[in-house]
Amino acid sequence: MRDNIGDRNGLASGKLRLAIALALVLATSALWAQEGFGTKAPSVTMAPPAAVVVHAGRLGKATLQFRVADGFHINSHQPKSEFLIPTNLKLDAVTNIAVEKTTYPTGQDMSLAFDPGEKLNVYAGDFAVEVMVKPLASVTPGKYTVHGTLRYQACDNAACYPPKNLPVSFEVEVAGGAAKQSPRHSIRNLADPKLK
Amino acid sequence: MQRNNLILVGMAVLVAVMLFFAARQSRSGQTAGGATVSAPLGLAGQTAPEFTLQSLDDKTVHLSDYKGKAVLVNFWATWCAPCKIEIPWFVDLQKQYGPQGLQIIGIAMDDASPKDIAKFAQDMGVNYPVLLGKEAVGDAYGGVQFLPVTVYVGRDGKVINKFFGLKGRAEIEDSIKKALSQGAAAGQ
């Protein structure tokens, strides 16, 4: 009899603990779900890019798709003031694949409600940066990964966040008639004499 | 047994709702430009943390140099567009309330060179000291994760409020008046 009561008490306290845990989980989830709660940080993300398939000695185009989180904007590549930090894609120097040209989209003009006369030029939502690459004529066919960073500085309508660097990478597949099994190379590794 | 389970789940939901509103209440929910919150600083009512920073004209400045004055400490950066909107207001307000005992201090939380910061300040006609910020000073004031951040200190040296993000000029002026009136007897 005493054992049964003990079991029942144990079961009840177990349920109580479960109920408290459930309450905490629910409350925490609800708080996290709140937008504009002061903890929401701006972010820029990159969609997984398609590999650029190109023959050695030819030009290939990589289209890098970025997304700025809702409610935020970042300066375009050519903001309207010398003091604003432009969005800039910096790709690591490589020896066997040349980055010929980087093309940024035109930004949207916008102004803040408190100062409609002051124009900013920004990216918001989705935007794409195009990179023209050209493997050297002598490069071995295979897959190469180009690494770099997108530097950006985000704001919302009332505040600005310190500049950030988003790691960026995309693959360049150098096509070659004889190469059936494409070896993987990392351009960063090939560029490092210690790893050659 | 089923009924007991329902009661427990009901209690859990009730507690969750109470926790949610309690947590929300602990931060003031005023929005600026619909994007950021203005939360009272944990230090509100306490003595403003002392700092020592270099000014653009290479002077060493301490917060305590302004003892007895109402001080508006504005954390900003040259790359911050909302900060640029506030600065002309601060210039006007310094002119207007300076004779009554207001001192505005700009703290540049910038990677830009002092020369560039000085050029920016000169272009904006800044008429108050601009200091070269350090992260430790921001941390002492509860952290500066984004800009602008403005802290109002009364004449008695106690923090009145801290605002995150761009605020309207009227709101800034109201806070200045509060800072001027707080501890007026102590400061004079």
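Here is the naming used below: chain letters follow the sequence lines, and residue numbers restart at 1 for every chain. Excluded from the calculations below are hydrogen atoms, water molecules and symmetry mates; all remaining heavy atoms, backbone and side chain alike, are included.
- What you find for A/Ala159 and B/Gly165 is that their closest heavy atoms are CB-CA, 4.1 Å.
- Crowding of A/Lys101 atom NZ: a count of heavy atoms from other residues, nucleotides or ligands under 6.0 Å not exceeding 12.
- Under a hydrophobic clustering in which Ile, Leu, Val, Met, Phe, Trp and Tyr are joined whenever their side-chain heavy atoms come within less than 4.5 Å, directly or via other members, B/Phe146 and A/Leu166 fall into the same cluster.
- Counting heavy-atom neighbours within 6.0 Å of B/Asp111 CG, excluding the residue itself, gives a total of 12 or less.
- By the criterion of side-chain heavy atoms lying less than 4.5 angstrom apart, applied directly or through intervening Ile, Leu, Val, Met, Phe, Trp or Tyr residues, A/Val52 is not grouped with A/Met132; the two fall into different hydrophobic clusters.
- Other residues, nucleotides and ligands contribute only 12 or fewer heavy atoms inside 6.0 Å of the CD atom of B/Gln122.
- Taking a 6.0 Å sphere around CD of A/Glu100, one finds it holds more than 12 heavy atoms contributed by other residues, nucleotides or ligands.
- Among residues 82-91 of chain A, the residues having any heavy atom closer than 4.5 Å to a heavy atom of chain B are, in sequence order, A/Glu82, A/Phe83, A/Leu84, A/Ile85.
- Crowding of B/Arg169 atom CZ: a count of heavy atoms from other residues, nucleotides or ligands under 6.0 Å exceeding 12.
- Among the residues in residues 76-93 of chain B, those with a non-hydrogen atom closer than 4.5 angstrom to a non-hydrogen atom of chain A are B/Thr78, B/Trp79, B/Cys80, B/Ala81, B/Pro82, B/Lys84, B/Ile85, B/Trp89.
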